[in-house]
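What follows is a short report on a single structure.
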Amino acid sequence: MFALVDAVAFYASAEKVFDPSIRKRPVVVLTNNDGCVCAVSPEARKLNVPKFEPYFKLRKFLEQHNVVVRSSNYELYADLSTRMMNVIGRFCDNQYIYSIDESFLQFTGFKSIIDDWHAYGQDIRLAVWRETKLPVGVGFGTTPTLSKAANHAAKKLEGYNGVAVIDDDYSANEILAKMEVTDVWGIGGRLGKKLNMMRIYTALDLKKQNPKYMRKQFSVVVERTIEELNGQVCISWDDVKQPKQEIFSTRSFGERVTDVHDLKSSLSTHCSIVGKKLREQSSMTKQLIIFAHSSPHEDNFYKRSFLYEFPVPTSDSRVLANAVNEVLPQLFHNGVRFYKAGIGAIELVSEQFMQADLFTPTLNNSKLMNSLDSINKVFGKGTIRLASEQQTKSWEMKRDFLSPRYTTRWSDIPKIQC
DNA sequence: TCTGGGGTCCTAGGACCC
DNA sequence: TCTGGGGTCCTAGGACCC
């Protein structure tokens, strides 16, 4: 049995934890640079506030309906996420954290212990609420995709009260019949349209399709999804956790960047981020994509992207930053108002199988990088960083509606007055 | 005044080789 | 009657997720 536990509108709920005055009000949270709406509290959902619409288009509407607007407070969300995950992890010995607010639990050998999954789900919800003041939904299913579907039912369908269980074909069909095909994990809007044309409208319709045939029509992803809906496990974290095949760090700027040094320092920061993520999964990269562009919504869109090949794979942030330095003169163009930049490590290889080059002295210093990671872990991120990362305010992200970092800054800790 | 997120994986199609 | 292969690598764009 699998369970998917996730928070209801996590970012919006996180904003409510330390600010009870907004708990009953509609709340939305914006993405980086206050660009789009990315979290909509249930109260705001009732007003039909769409997700991922640009904020400037919704601003008037949100004001009219007295909706609370907040910038993304990642420091707060990351901390609350950790707390929430710790509570959830107590309920199962096999937890897989899938995103900042979702974790899968895989129950093996629990059958003799747990006879009522509904009650167990309510126990989880109650514990998380009591200890973190975050509302969660719990879906149980015999495959990860079915637990996702159950989770959808738990939170979005009438009469489930936060917990739903799919433990046989009957309960699966009952829930899947009430779900749009695009509510199924892995089926997005585009696929949904094509499926509709084939008269596949509900999740149950999809479940009844022939997986092999659908693989031919679409892809292996659709095939696996259908098998999972039929109770056949295709996604598993049992075996060694799969390392990522590519790692990107990209960001749009708070203010347009026109200065080469600003562009360089932002890219250096991306090098640190990607380097750290590479080391975390014991990978090294052979190739690096380095890109920068102006706004795609502007006329004469400027975009440059380079593929840099390393003679020897690396996970050393400094080596990545050197690559950036090399291409920077070709990337930057005077007069362009840069809107976004980033790097991506592709062609990853495992540290273990790293092939050295007889003729190229390796610049990779993993001891140095490991010490850097350890120091930053203890003393906070950015304690030791590349000199070229030198922060300049101009490209930092815009967050006009930021709440306090209640749990990660001494000055922001809530005070209780007697 | 101007404003539009970030990350990962898959696949079709072109270029090239023998 | 008419007909011309098959594999690999690379890349841009598509699609999905939250």
Side-chain angles (χ1 to χ4, degrees), chain A residues 4 6-14 28-40 50-60 69 71-72 74 77-78 81 97-104 137 144-145 148 151-152 155 181-195 215-225 235 242-256 266 269-270 273-274 277-278 281 283 285-287 289 291 293-298 301 303-307 309 337 339-348 397-400:
Chain A
L4 176 67
D6 74 351
V8 177
F10 179 56
Y11 291 179
S13 297
V28 300
V29 179
L30 309 179
T31 56
N32 280 340
N33 293 319
D34 298 335
C36 294
V37 167
C38 70
V40 179
K51 256 191 181 184
F52 299 108
E53 277 281 309
Y55 168 60
F56 74 90
K57 287 187 181 172
L58 292 170
R59 194 167 48 89
K60 269 228 174 81
V69 176
S71 303
S72 283
Y74 291 114
Y77 309 152
S81 170
I97 295 175
Y98 174 72
S99 74
I100 191 162
D101 79 316
E102 292 175 281
S103 61
F104 285 96
T145 303
K148 267 273 199 185
N151 178 282
H152 173 89
K155 294 195 304 189
V181 71
T182 48
D183 292 333
V184 175
W185 191 31
I187 308 294
R190 298 296 183 90
L191 271 173
K193 265 193 192 137
K194 289 181 192 163
L195 291 169
R215 181 194 184 131
K216 278 203 191 115
Q217 295 296 309
F218 298 97
S219 69
V220 59
V221 182
V222 176
E223 180 194 25
R224 277 201 287 250
T225 302
I235 302 166
Q242 293 299 313
K244 287 186 179 128
Q245 297 171 30
E246 48 184 56
I247 293 172
F248 275 76
S249 175
T250 73
R251 202 110 317 176
S252 43
F253 301 117
E255 277 172 32
R256 298 301 173 81
S266 79
T269 306
H270 293 306
I273 294 169
V274 167
K277 285 187 181 172
L278 283 170
Q281 67 166 33
S283 290
T285 186
K286 283 195 207 164
Q287 297 183 325
I289 289 173
F291 77 89
H293 62 78
S294 65
S295 167
H297 305 289
E298 253 170 32
F301 177 49
K303 177 169 183 170
R304 290 287 179 277
S305 151
F306 294 91
L307 185 63
E309 184 127 11
R337 298 170 67 237
Y339 164 79
K340 183 173 184 170
I343 67 165
I346 57 173
E347 272 255 43
L348 305 192
M397 70 175 126
K398 194 172 105 185
R399 295 197 286 184
D400 286 346

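Since we're looking at a predicted model, the values are computed, not measured. A note on names: the letters A, B, ... follow the listed sequences, proteins ahead of strands, and every chain is numbered from 1.
One interatomic measurement links the two molecules: CD1 of A/Ile235 to P of B/dC9, which rounds to 14 Å at whole-angstrom precision. The distance between atom CD1 of A/Ile343 and atom P of B/dG7, rounded to the nearest whole Å, is 11 Å. Counting to the nearest Å, the P atom of B/dC2 and the CZ atom of A/Arg59 are 14 Å from each other. Atoms CG (A/Leu195) and C1' (C/dC16) sit 13 Å apart, rounded to a whole Å. Look at CG on A/Asp400: it is 16 Å from C1' on B/dG5, rounded to the nearest Å. Nucleotide B/dG4 holds its P atom 8 Å from the NZ atom of A/Lys398, rounded to whole Å. A/Ile97 places its CD1 atom 19 Å from the P atom of B/dG7, with the value rounded to the nearest Å. Rounded to whole angstrom, the span from the NE2 atom of A/His293 across to the C1' atom of C/dG13 amounts to 14 Å.
Comparing B/dT11, B/dG7, B/dT8 by their closest approach to the side chain of A/Val220 singles out B/dT11. Among the nucleotides B/dG5, B/dT11, C/dT11, the one closest to the side chain of A/Leu307 is C/dT11. Comparing B/dG7, B/dT8, B/dG6 by their closest approach to the side chain of A/Ser249 singles out B/dG7. Comparing B/dC9, B/dT11, B/dG4 against the side chain of A/Ser219 picks out B/dT11 as the nearest. Listed nucleotides: C/dC18, B/dG4, B/dG5. Nearest to the side chain of A/His297: B/dG4.
Using a 4.0 Å heavy-atom criterion, one finds that A/Glu53 contacts no nucleic acid atom at all. The residue A/Asp34 sits apart from the nucleic acid: no heavy atom pair falls under 4.0 Å. Counting non-hydrogen atoms under 4.0 angstrom, A/Val184 reaches the backbone sugars and phosphates but no base. As judged by a 4.0 angstrom heavy-atom cut-off over every strand, A/Leu30 is placed among residues making no nucleic acid contact. Among the heavy atoms of the strands lying under 4.0 Å from A/Ile187 are primed sugar atoms or P, OP1, OP2 only; no base atom is included. Note on A/Lys303: nothing from the nucleic acid sits closer than 4.0 angstrom, heavy atoms only. At the heavy-atom level, A/Gly344 lies nowhere under 4.0 Å from the strands shown.
Under the stacking definition used here (centres under 5.5 Å, planes under 30°), the residue A/Phe52 qualifies as stacked on the base of B/dG5.
Side-chain contact between A/Ile289 and A/Ile343: absent, with no pair of heavy atoms (C-beta onward) separated by less than 4.5 Å. Looking at heavy atoms from C-beta onward, A/Glu298 lies out of side-chain contact with A/Tyr339 at the 4.5 angstrom threshold.
Residue A/Tyr98 places none of its side-chain N or O atoms closer than 4.0 Å to OP1 or OP2 of B/dT8. One finds no side-chain N or O of A/Lys148 lying less than 4.0 angstrom from the OP1 or OP2 phosphate oxygen of C/dC17. One finds a side-chain N or O of A/Ser252 lying less than 4.0 angstrom from the OP1 or OP2 phosphate oxygen of B/dG6. Note on A/Arg256: a side-chain N or O is less than 4.0 Å away from OP1 or OP2 of B/dG4. Phosphate contact (OP1/OP2 of B/dG7, side-chain N/O of A/Thr250, threshold under 4.0 Å): present. An OP1 or OP2 oxygen of B/dC2 is reached within less than 4.0 angstrom by no side-chain nitrogen or oxygen of A/Arg337. At least one side-chain nitrogen or oxygen of A/Arg251 sits closer than 4.0 Å to the OP1 or OP2 atom of B/dG6. At the phosphate of C/dG14, neither OP1 nor OP2 sits under 4.0 Å from any side-chain N or O atom of A/Arg190. The side chain of A/Gln245 contributes an N or O atom lying less than 4.0 Å from OP1 or OP2 of B/dC10. Of the side-chain N and O atoms in A/Lys51, none sit less than 4.0 angstrom from OP1 or OP2 of B/dG5.
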Practice prompt. Kindly indicate, with the supporting measurements, whether the criterion side-chain contact (heavy atoms from CB on, under 4.5 Å) is fulfilled by A/Glu223 and A/Val220.
Written response: CA-CA 5 Å; A/Glu223 180 194 25; A/Val220 59; 4.0 Å; yes

Worksheet item: After noting the C-alpha distance and the side-chain angles of A/Asp6 and A/Lys155, does the key distance pass the side-chain contact (heavy atoms from CB on, under 4.5 Å) rule?
Response: CA-CA 10 Å; A/Asp6 74 351; A/Lys155 294 195 304 189; 2.8 Å; yes

Worksheet entry | Verdict with supporting geometry, A/Gln287 and A/Ile346, side-chain contact (heavy atoms from CB on, under 4.5 Å) | CA-CA 6 Å; A/Gln287 297 183 325; A/Ile346 57 173; 3.7 Å; yes

Discussion item. A/Arg256 vs A/Ser295, test: side-chain contact (heavy atoms from CB on, under 4.5 Å). Steps then yes/no.
Written reply: CA-CA 9 Å; A/Arg256 298 301 173 81; A/Ser295 167; 3.6 Å; yes

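By the 30° and 60° cut-offs, the orientation of the rings of A/Trp185 relative to A/Phe104 is tilted. Ring orientation note: the planes of A/His293 and A/Phe291 are close to parallel, at an angle under 30° on the 30°/60° scale.
Residue whose closest nucleotide on DNA chain B sits further toward the 5' end, between A/Ile247 and A/Glu298: A/Glu298. Summary of the strand contacts: A/Cys36 and A/Lys277 both lie near DNA chain B, and taking for each the nucleotide with the nearest heavy atom, the more 5' one is attributed to A/Cys36.
Taking the P atom of each, C/dG4 and B/dC18 are spaced 23 Å apart, rounded to whole Å.
Pairing for C/dT8 is with B/dA15, a Watson-Crick or G-U wobble pair whose two hydrogen-bonding atom distances lie under 3.5 Å.
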